[in-house]
Amino acid sequence: MPIIESHLLQPGQQQFGQQIYNGLDVCLTFEIRQEMGTLFNHTPIIYEFEKALQAPALEMMLRGFLIDERERQEGIRLLEAQTTRLDNLLQAMAWAVWGKGVNPNSPKQLIDFFYGAMKLPEQWISAKGVKRLSTNREALEKLDVYLYARPLIACILALRDCSKQLSVLRTEIDSDQRMRTSYNIAGTETGRWSSSQSSERTGTNLQNLSPRLRKMFVADPGWKLCGIDLEQAESREVGWQHGILYEDWTYLDACYSGDLHTITARLVWPNLPWTGNGKQDRAIADRIFYREFTYRDMSKRGGHGTSYYGTPFTMARHLKVPVRVMENFQKSFFEAYPGFRKWHQGIALELQTTHRLVTPFGRERHFFGRSNDDATLREAIAYVPQSSTADRLNLILWRIWYHMGTRVRIMAQVHDALYFQYRESDDEAEVIAKALGYFSIPMEHTSPGGKKHSLVVPGEAKIGWNWGNQVTQGDVDKAVARGLTPPRLNPDGLIKWKGSDSRVRTEQPTGLLARIF
DNA sequence: GACCCCCGCCAC
DNA sequence: AAACGTGGCGGGGGTC
């Protein structure tokens, strides 16, 4: 709260009032810093690390990401046309039902419409101990069995999807055609960054863009984009915990095997005719297990939830399979990887005793929730792998920023992936190899028997001229053959880096060269 | 009109 | 009884 109501002052005085306010604010920060000195009984390594991250974060925030205006306008045009078409349909149907229109983005109106006027069965959801009527996607999909509601539901879900995408496409960008975000380095419980609209109130969160919206983010003229993901980062951190704490290396070994999900499928369903041959076993894992789900699908989607103490009930809902199926899956999964039970119990014990966890990166977190509450336990179980992955990625980001200097420009951070651009005139293979070199973070462990183990999380690089994935004519043809809506061509999009790229940029961002040169 | 909460939904 | 974690944003719709 400003100590002087700024609207009561003249412009000159207003500035003075804000200076007083800012001055006092800085004093508070200073006092907190002094107190912190007495709190640390060790080198405040994470605090120093986060201070170091300010430089690359601020650089990204100042730089912004170039927007291809033509692509943005085209996206808006297509979505507006689709919205008009769908909304006309929806309103015509709504009038037929209750003699007036309905707003697909108003839960209140939809509750009146579906559960009142149409008398469909009410769909209740419960969250944080509160039950409420819902018209979210899951609720509407349950109403989809009523044939007369089906076209309405299809329209509403499609319209929500359109409006969600339009809001991102219409986000205000800065006058230099760049979208800027504000990264908050210390904004989460785990050490992940958060991202929100910029300090000028332009731009938006750049960490939750759906893939089809990413195409409008493009490399600067003369530059090319590289994105590097951490491969199975959280799973490997989980496997590492099982190993260093309980000497169970089964899960980490499965991660290293090259196909975690097929290995899991082998362990969970040992009586299938596995051969030990990678290709043949993959084919077996790709057989249908239940409805459209393959054994491998179950291992992949069920494994992640089970790792984080998901209940059979929730996971069954998520995968849309009977609870019984998930119960059997979990039982086998825990037998296949005994480290999970020990790890979950170990964390529960830690919550009861120290209320505190420390990650392999030295990040300490105190848990203030009730230590016998399942919700607290789930937070704690997720903490170490999620936090470690954040610190791992940010350490690599810092190294690339610090050591590669002006050769690269860091563009974005998305929790387990980073994006930078490099000059098209540069030696592409060398730049990427150098960046990948910074992904090495050695962690070693010697088992009681003397066997050495190490944690390795490789980086996987992609390259292109915009942030979308490449879409070729072949991809379009494939979609048409399957009767799907064909995706839009994107020859300049990201492709997996395999040592070279023979492409040439086909689309130059519009109206920019004149502005820059 | 400013402010706030709820809802739904996007990402990793 | 509750039901897998971490975030941020826009629209609706209420209050003041």
Side-chain angles (χ1 to χ4, degrees), chain A residues 7 102-112 124-140 156-157 159-172 181-198 201 203-214 229-230 232-235 237-238 301-319 323 326-327 330 340 344 347 365 367 369 373-390 393 412-418 467:
Chain A
H7 65 275
V102 71
N103 182 341
N105 292 315
S106 167
K108 189 174 180 295
Q109 289 184 30
L110 291 181
I111 285 171
D112 291 344
W124 293 80
I125 59 174
S126 75
K128 291 172 188 166
V130 184
K131 277 188 148 188
R132 61 179 177 84
L133 263 179
S134 173
T135 58
N136 68 12
R137 171 173 285 271
E138 196 182 352
L140 295 187
I156 289 164
L157 293 177
L159 279 164
R160 282 185 188 159
D161 187 36
C162 286
S163 64
K164 182 87 184 169
Q165 291 189 50
L166 272 169
S167 70
V168 175
L169 289 171
R170 288 183 180 137
T171 298
E172 184 184 355
T181 190
S182 174
Y183 287 112
N184 187 346
I185 294 168
T188 69
E189 296 283 356
T190 58
R192 270 152 80 126
W193 292 3
S194 69
S195 159
S196 58
Q197 67 174 191
S198 77
R201 323 238 18 202
T204 185
N205 178 356
L206 290 191
Q207 290 178 321
N208 70 344
L209 297 173
S210 60
R212 46 190 300 197
L213 290 168
R214 294 185 179 183
D229 281 42
L230 291 172
Q232 295 171 334
E234 287 194 19
S235 296
E237 297 288 355
V238 168
R301 301 162 75 163
H304 186 264
T306 304
S307 300
Y308 292 141
Y309 209 58
T311 60
F313 177 95
T314 307
M315 292 167 53
R317 203 176 68 181
H318 196 241
L319 272 75
V323 175
M326 284 320 304
E327 284 170 352
Q330 274 204 351
F340 276 103
H344 291 163
I347 287 174
R365 177 173 168 191
F367 291 85
D373 187 339
D374 264 7
T376 313
L377 179 56
R378 284 193 300 275
E379 283 175 26
I381 287 169
Y383 170 63
V384 170
Q386 190 179 112
S387 170
S388 301
T389 298
L393 191 274
Q413 190 268 29
V414 200
H415 307 303
D416 70 348
L418 58 88
W467 197 358

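Proteins get letters first, then strands, A, B, ... in listed order; numbering begins at 1 in each.
- As judged by a 4.0 angstrom heavy-atom cut-off over every strand, N103(A) is placed among residues touching the sugar-phosphate backbone only.
- Residue Q197(A) is in sugar-phosphate contact alone, with no base atom involved, counting any heavy-atom pair closer than 4.0 Å across all strands shown.
- The OG1 atom of T204(A) sits 6.5 Å away from the CG atom of N208(A) when rounded to the nearest 0.5 Å.
- Residue E189(A) is classed as a sugar-phosphate contact, given heavy-atom separations below 4.0 Å to backbone atoms only.
- T171(A) comes within 4.0 angstrom of no nucleic acid atom, judged by non-hydrogen atoms across all strands.
- For R132(A), a side-chain nitrogen or oxygen approaches OP1 or OP2 of dG8(B) to under 4.0 Å.
- In this entry the distance linking CD of E237(A) with C1' of dC12(B) reads 15 Å, nearest Å.
- Judged by distance alone with a 3.5 Å cut-off, a donor-acceptor contact links the side chain of K164(A) to the base of dC9(B).
- You won't find any donor-acceptor pair under 3.5 Å spanning the side chain of R160(A) and the base of dC9(B), going by distance alone.
- Below the 3.5 angstrom threshold, one finds no donor paired with an acceptor across the side chain of Q207(A) and the base of dG7(C).
- Contact annotation for R137(A): backbone-only contact, meaning every heavy-atom pair under 4.0 Å involves sugar-phosphate atoms and none involves a base.
- For Y309(A) against H344(A), the heavy-atom pair with the smallest separation is CD1-ND1, 3.5 Å.
- Note on P211(A): only backbone sugar-phosphate atoms sit closer than 4.0 angstrom, heavy atoms only; bases stay farther off.
- The distance from atom CD1 of I125(A) to atom P of dG8(B) is 6 Å, rounded to the nearest whole Å.
- Listed nucleotides dC12(B), dG5(C), dG7(C) differ in distance to H415(A); the shortest reach to its side chain belongs to dC12(B).
- Nearest to the side chain of S210(A), among dC10(B), dG5(C), dG13(C), sits dC10(B).
- For the pair L418(A) CG and dC12(B) P, the interatomic distance rounds to 14 Å; values are reported in whole Å.
- Side-chain nitrogen and oxygen atoms of S194(A) include at least one within less than 4.0 Å of the OP1 or OP2 phosphate oxygen of dG8(C).
- Atom-to-atom, CD of E138(A) to P of dC9(B) comes out at 10 Å; the value is rounded to the nearest Å.
- The distance from atom CG of D161(A) to atom C1' of dG10(C) is 15 Å, rounded to the nearest whole Å.
- When heavy atoms are screened at a 4.0 angstrom cut-off, R192(A) is found touching base atoms of the nucleic acid.
- Side chains of Y308(A) and Q386(A): a donor-acceptor N/O pair is absent below 3.5 angstrom, by distance only.
- Remark: S196(A) is not in phosphate contact with dG7(C), judged by side-chain N or O atoms under 4.0 Å from OP1 or OP2.
- Listed candidates were dG7(C), dG12(C), dT6(C). Nearest to the side chain of N208(A) is dG7(C).
- A donor-acceptor pair is defined here as one N or O able to donate and one able to accept, closer than 3.5 Å; no such pair exists between the side chain of Y383(A) and the backbone of F367(A).
- Within the structure, a side-chain polar atom (N or O) of T135(A) is placed less than 4.0 Å from OP1 or OP2 of dG8(B).
- Using a 4.0 Å heavy-atom distance criterion, S387(A) is classed as making no nucleic acid contact.
- Residue R301(A) is out of contact with every strand shown, counting any heavy-atom pair closer than 4.0 Å.
- To the nearest 0.5 Å, atom SG of residue C162(A) and atom NZ of residue K164(A) are 13.5 Å apart.
- In this structure, S106(A) reaches the dG13(C) phosphate: one of its side-chain N or O atoms is under 4.0 Å from OP1 or OP2.
- Rounded to an integer number of Å, the gap from NE2 of H304(A) to C1' of dT6(C) is 11 Å.
- Using a 4.0 Å cut-off, no side-chain N or O of N205(A) falls inside it from OP1 or OP2 of dC10(B).
- Within the 4.0 Å cut-off from OP1 or OP2 of dG13(C), at least one side-chain nitrogen or oxygen of Q109(A) is found.
- Distance, D416(A) CG to dT6(C) C1': 13 Å, rounded to whole Å.
- Here the side chain of T188(A) is nearest to one of dG5(C), dG14(C), dG7(C), namely dG7(C).
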